[in-house]
Amino acid sequence: MADNFFPEHGPRHFLTLMDLSPAELRGVIARATELKRSWRAGEVIKPLKNRVLGMIFEKSSTRTRVSFEAGMTQLGGAALFLSPRDTQLGRGEPIEDTARVLSRMVDCVMIRTFEHDKVERFAAHSRVPVINGLTDLVHPCQLLADMQTYFEHRGDIAGKTVTWVGDGNNMCHSYINAARQFDFRLNIACPDGYDPEPELLAEAGNRCQVFRDPLAAADGSDLVVTDVWASMGQEEEQAQRRQAFADFIVTQELMARAHHDALFFHCLPAHRGEEVAAEVIDRPDSVVWDEAENRLHAQKALLEFLLVTSKAA
Ligand code: CP
Ligand code: NVA
């Protein structure tokens with residue numbers, strides 16, 4: 001029987017990119033590429049045989065849900081989709097009690113929710129690893145896939161320049177953390193009033209610089225990244241945001257300011273004609289579909305790291 005309980009050290013969690021060391025992050029990404037190769041070759045490996053992942057979704061999802069669920073099955077385990085609509089969480093059962101109970105039944109828990117402190121409170125009361133599947137603050141799983149995609153297409157990202165265009169949101173915050181962990185420069189172009197969290201920026205030191213002109217931010221960039229103008233939970237601000245972000249669109253003109261071989265990333269879902277022009281995201285050599293696929297491989301590697309590798313260490 002699987003021994004889920006880590007009485008001495010407590011389980012490892014993945015609530016932000018800062019929860020793993022740079023070497024561990026690189027190890028997970030290298031493993032993701034290997035798992036991708038082996039999956040494509042039809043090899044069957046089941047390091048998570050009989051393991052169960054509980055997945056709590058308080059926001060919508062296509063990629064996160066399907067990649068975790070397919071990933072667990074491919075590694076020999078199973079995943080449970082838990083929505084607040086039909087669990088006691090939606091009727092006010094405390095997150096701490098939910099953590100105590102679920103973590104005695106499953107081997108790992110993934111949570112997508114609003115407040116970041118909810119995943120922290122869950123993790124503090126969990127006997128098993130907790131993975132952040134997106135909060136209002138950060139989206140670290142997406143960054144594993146993004147870094148894997150950059151490595152696979154262009155090699156190491158250390159020393160490169162990345163440009164973020166748009167909202168200083170959860171994805172932008174994860175790029176700030178990634179700039180620290182993977183050692184790249186990050187130019188952040190966002191409208192006044194939509195800056196990222198100042199503490200996160202301060203922690204990243206002089207690696208990150210805020211711009212008001214997206215074209216200037218893209219100069220000499222190796223990777224241009226954007227995301228929706230209004231995130232989940234900000235639906236009522238949509239009209240106001242459409243005005244504020246009108247100039248923060250990734251166009252061909254903007255991509256022309258970046259290096260000739262610069263990549264374009266988007267975590268998806270995308271709004272063509274808003275944050276990105278169709279001719280950029282739909283270019284024949286667009287890598288956003290590889291980026292989405294890599295959610296599967298990167299999270300399989302993360303699950304293996306949390307449930308097997310880090311326990312053996
Ligand atoms: N990028 C991403 O997390 O997509 P979903 O919202 O579909 O999970
Ligand atoms: N910033 C977006 C990302 C979606 C994957 C949101 O939080 O809705």
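Whatever order the structure lists ligands and atoms in, that order sets their numbers, starting from 1. In this text, all values refer to a predicted model and were calculated from it rather than measured experimentally.
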task: Would you check if there is a donor-acceptor pair between the side chains of His116 and Asp136 at a distance under 3.5 Å?
output: no

- prompt: What are the atoms of ligand 1, with element, lying closer than 4.0 Å to any heavy atom of Thr62?
  reply: 5 (P), 7 (O), 8 (O)

Closest approach of any protein heavy atom to [atom], naming residue and atom:
| atom | result |
| --- | --- |
| atom 7 (O) of ligand 2 | Asn170 ND2, 2.8 Å |
| atom 1 (N) of ligand 1 | Cys267 O, 2.8 Å |
| atom 8 (O) of ligand 2 | Met232 N, 2.8 Å |
| atom 2 (C) of ligand 1 | Arg295 NH1, 3.3 Å |
| atom 1 (N) of ligand 2 | Asp227 OD2, 2.6 Å |
| atom 4 (O) of ligand 1 | Arg63 NE, 2.8 Å |
| atom 4 (C) of ligand 2 | Leu134 CD1, 3.9 Å |

- request: Please step through side-chain hydrogen bond (donor to acceptor under 3.5 Å, both in side chains) for the pair Gln238 and Arg241, ending with a clear verdict.
  value: CA-CA 5 Å; Gln238 235 148 14; Arg241 282 173 171 266; over 6 Å; no

query: So Arg100 and Glu96, salt bridge (charged side-chain N to carboxylate O under 4.0 Å, His left out) or not? Walk me through it.
result: CA-CA 6 Å; Arg100 290 180 177 111; Glu96 292 82 359; over 6 Å; no

query: What about Tyr194 and Phe248, are their ring centers closer than 6.0 Å?
result: no

query: Do the two ring centres, one from His271 and one from Trp229, sit under 6.0 Å apart?
result: no

With a 4.0 Å cut-off on heavy atoms, does [X] reach ligand 1?
| X | answer |
| --- | --- |
| Arg112 | yes |
| Lys59 | no |
| Leu268 | yes |

message: At less than 4.0 angstrom from any non-hydrogen atom of Asn169, what atoms of ligand 2 do you find?
response: 1 (N)

Sub-4.0 Å atoms of ligand 2 with respect to non-hydrogen atoms of Leu268: 5 (C)

Test of proximity, His139 against ligand 2: N or O pairs below 3.5 Å: no

task: Any chance you could lay out the side-chain hydrogen bond (donor to acceptor under 3.5 Å, both in side chains) test for Glu291 and Thr149, step after step, and finish with the verdict?
output: CA-CA 6 Å; Glu291 183 189 357; Thr149 308; over 6 Å; no

Donor-acceptor pair, side chain of Ser103 and main chain of Ser126, under 3.5 angstrom: no

task: Please work out whether the ring planes of Phe182 and Phe151 are parallel, tilted or perpendicular, with thresholds of 30° and 60°.
output: perpendicular

task: Report the part of Asp167 (side chain from C-beta onward, or backbone N, CA, C, O) that has a heavy atom under 4.0 Å from ligand 2; answer both or neither where that applies.
output: neither

query: Relative to ligand 1, is Arg65 under 4.0 angstrom through side chain, backbone, both or neither, heavy atoms considered?
result: neither

task: State plainly whether the residues Arg154 and Asp222 are in salt-bridge range, i.e. N to O under 4.0 Å.
output: no

message: Could you check whether Asp19 pairs with Arg12 (Lys NZ or Arg NE/NH1/NH2 to Asp/Glu carboxylate O, under 4.0 Å)?
response: no

message: With rounding to the nearest 0.5 angstrom, report the CD to OG distance, Glu279 to Ser286.
response: 12.0 Å

Nearest option to atom 6 (C) of ligand 2, as decided by whichever heavy atom of Ser231, Gly133, Ser60 sits closest: Ser231

